[in-house]
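Atoms considered below: every heavy atom in the structure, side chains included; atoms not considered: hydrogens, waters and symmetry mates.
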Amino acid sequence: MVLIFLIMIIAVLVMRFNGGTPQPDRLTLSQVADAIIANEVQSITVDENTLQIVLRDGSEATSRKEPTSTAVEQLLALGVTPDQLSPEKVEWEIKEPSDWNTIISLITYILPALLVVGLIWFMLRQAQGTNNQAIAFGKSRARMFTGDQPTVTFEDVAGIEEAKEELQEVVEFLKEPEKFIAVGARIPKGVLLIGPPGTGKTLLAKAVSGEAGVPFFSISGSEFVEMFVGVGASRVRDLFEQAKRHSPCIVFVDEIDAVGRQRGAGLGGSHDEREQTLNQMLVEMDGFDTDTNVIIMAATNRPDVLDPALLRPGRFDRRVVLDRPDMRGREAILKVHIKGKPIDPAVDLSIVAKATPGFVGADLENLVNEAAILTARRDKRSIEQAEFQESIERVIAGPERKSRLISEEEKRIVAFHEAGHAVVMHVIPEADAVHKVSIIARGMMGGFTMALPEEDRTLLSRNKLSAEMAGLLGGRAAEELVFNDITSGASNDLDRVTKLARAMVTRLGMSKEMGPMVYGQKEELIFLGREISEQRDYSEQVAVQIDASVRKLVTEAYDRAKGILQTYKVQLYALANRLIEIETVDRDEFERIFGAVVEPKTTGTPVPVHA
């Protein structure tokens with residue numbers, strides 16, 4: 001900026017003196033003397049060392065004299081007589097020295113110095129900025145939210161009442177720490193939130209901060225880890241220093257398994273940067289006094305990989321497990337998410353909750369949003385039950401692919417396949433009730449049969465699992481029964497049945513031949529439901545017996561499904577023909593088409609046998 005300003009000043013000065021006018025002729029001092037002798041000069045104006053000459057013919061010229069003497073002295077020395085220089089012959093004018101000359105002289109001396117000083121200042125500022133960046137590189141990147149205007153409270157969290165009760169003590173401690181300190185009580189220094197993805201771990205931590213009205217520091221576990229050694233530990237120290245300055249407060253570390261993984265497992269050994277970060281975190285967490293009023297909350301869905309030193313009392317004293325919500329919990333979560341949305345009075349959220357087993361809070365929020373989008377797309381003013389039902393199917397199976405063109409033969413095969421599922425599930429008392437049958441493609445599925453439980457269950461009986469296997473094989477059995485051939489449409493059904501049968505034999509001890517034993521030790525991610533590896537602890541002979549038992553369970557379920565379809569063949573054809581006609585059949589119409597009386601549905605839970 002300084003350099004640009006100086007250039008503008010110089011440009012103005014140059015324009016000021018040049019003025020944009022044409023320059024007069026320039027004469028030497030000898031030529032001026034000759035012109036005076038020839039009586040051609042009318043006037044001479046002396047402006048310091050510059051002579052401005054006006055000739056008698058009206059033309060103008062300029063010349064320069066030496067600064068050591070006057071113009072008259074120099075002209076006399078060149079042969080001009082005093083009479084020729086007299087005022088009668090030549091008019092003389094002497095101008096006073098201009099201040100601009102002094103200013104320009106000063107600028108010529110000052111400008112280089114200013115340029116040097118500006119360059120040095122710019123270099124120093126760049127170096128200072130680099131130093132600040134280097135210092136800030138080791139600073140914590142935690143985002144702080146003040147507790148003055150909380151955006152999330154316990155009213156915004158539903159379906160996890162037990163977890164809210166556990167954390168209510170944390171809120172009371174942050175509000176009234178003196179009450180606990182007076183009786184010698186020590187609030188848990190750390191609270192570890194454990195649960196599957198989407199159950200509301202981060203939301204619950206924000207709610208605790210909102211209820212207590214204290215600052216809330218949020219950071220991800222991955223933000224501690226860098227490729228440079230010591231940066232992670234420096235950020236941990238800075239985070240805890242900030243927390244102490246703003247106490248009472250809450251420090252929330254999301255996905256702590258990124259930095260809290262068990263030590264000694266990496267290739268870097270004890271010099272691994274991640275392990276150094278964890279060591280610093282362990283020291284900081286154990287260094288708090290009882291009156292610090294800083295509570296550490298962390299969330300993870302992989303507690304099995306955390307370091308034991310991180311989980312010991314004195315660091316994370318309390319573990320709060322957030323499980324998938326039950327039916328009442330899902331209904332409460334739906335009530336939270338529909339706030340501020342135009343809901344039709346006829347909407348029954350209990351039906352939506354019943355139709356979404358296994359959904360977590362994030363799934364339900366997405367479901368309500370999908371229903372709102374469908375409502376806007378259909379130009380409706382309020383969200384109705386139909387939009388909720390459609391959104392459930394979209395979340396589970398994906399959007400309808402009505403543009404997909406299939407032949408009439410394939411459409412007939414899909415109709416009988418789905419009708420086979422529905423008939424078998426409807427007849428078996430332990431199977432879930434059929435809510436909807438459709439042959440409209442969704443996602444990767446050519447059609448689907450939606451069977452939903454009447455109530456949530458945590459225990460599954462052998463009869464219940466056998467009924468589920470028979471229902472899954474109903475589609476393949478219907479294809480073989482009607483077309484005397486089979487297709488690839490049952491590939492997913494066969495995969496699910498095989499895994500279920502193998503789990504019954506090797507994990508649940510439900511095989512009479514193999515007995516109540518567990519075969520093979522599996523390593524899996526607890527809350528992510530993914531199997532990493534399996535260690536075989538049985539012989540090849542036992543493996544053959546396991547395969548035989550699995551095959552027997554699958555075969556029995558398939559034969560059971562075929563027998564049911566043989567008995568209710570009329571209903572199978574009636575349902576399939578109706579699906580070909582209208583493509584989708586709901587529960588009421590399905591039961592009307594089926595017509596025949598079957599055993600009433602049971603929960604599948606074992607009942608006592610009377611002696």
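Qualifying side chain to side chain donor-acceptor pair (under 3.5 Å) partners for Glu583, counting only residues two or more places apart in sequence or in other chains: none. Residues satisfying the salt bridge (Lys or Arg N to Asp or Glu O under 4.0 Å) test with Asp493, not counting sequence neighbours, are none. In this view, Glu255 satisfies the salt bridge (Lys or Arg N to Asp or Glu O under 4.0 Å) rule with no residue, not counting sequence neighbours. Remark: Asp586 pairs with no residue by the salt bridge (Lys or Arg N to Asp or Glu O under 4.0 Å) rule, at least two apart or across chains.
Atom CD1 of Ile256 sits about 5.0 Å away from atom CE of Met281, to the nearest 0.5 Å. With rounding to the nearest 0.5 Å, the separation of CG in Leu349 from NZ in Lys335 is 7.0 Å. Atom CG of residue Leu472 and atom CG of residue Asn492 lie 8.5 Å apart, to the nearest 0.5 angstrom. The CD atom of Gln571 sits 12.0 Å away from atom CD1 of Ile564, with the distance rounded to the nearest 0.5 Å. Atom CD1 of Ile486 and atom CD of Glu480 lie 7.0 Å apart (nearest 0.5 Å).
Ion pair Asp547/Arg551 not flagged as a salt bridge, since none of the NZ, NE, NH1 or NH2 atoms sits closer than 4.0 Å to an Asp/Glu carboxylate oxygen. Salt-bridge annotation for Arg587 and Glu591: present, with a side-chain N of the basic residue lying under 4.0 Å from a carboxylate O of the acidic one. Between Glu581 and Arg578 a salt bridge is recorded (basic side-chain N to carboxylate O distance below 4.0 Å). Here Arg442 pairs with Glu390 in a salt bridge; the nearest charged N to carboxylate O distance falls below 4.0 Å. At a threshold of 4.0 Å, the pair Glu331-Arg328 does not count as salt-bridged, since none of the basic side-chain nitrogens sits closer than that to a carboxylate oxygen.
Counting only heavy atoms from C-beta outward, the side chains of Pro453 and Asp432 approach each other to under 4.5 Å. Using a 4.5 Å heavy-atom cutoff, the side chains of Phe154 and Val171 are in contact.
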Give the C-alpha distance, both sets of side-chain angles, the deciding distance and a yes or no for side-chain contact (heavy atoms from CB on, under 4.5 Å) between Val482 and Tyr573. CA-CA 9 Å; Val482 175; Tyr573 273 84; 3.6 Å; yes
Start with the C-alpha distance between Arg412 and Asn577, add both sets of side-chain angles, then the distance that settles side-chain contact (heavy atoms from CB on, under 4.5 Å), and finish with yes or no. CA-CA 8 Å; Arg412 184 174 178 82; Asn577 291 330; 4.0 Å; yes
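When the options Glu211, Lys164, Lys206 are evaluated for a side chain to side chain contact (heavy atoms under 4.5 Å, CB included) with Val157, the one that passes is Lys164.
Atom NZ of Lys601 has more than 12 heavy atoms from other residues, nucleotides or ligands within 6.0 Å.
Annotation: ring-ring contact (aromatic ring centres under 6.0 Å, His included) contacts involving residues 429-487, sequence neighbours excluded, comprise Phe416-Phe483.
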Please list every donor-acceptor pair under 3.5 Å in which a side-chain atom of residues 357-370 meets a protein atom from a residue at least two apart or in another chain.
| residue | atom | partner | partner atom | Å |
| --- | --- | --- | --- | --- |
| Asp363 | OD2 | Val360 | N | 3.2 |
| Glu370 | OE1 | Arg394 | NE | 3.3 |

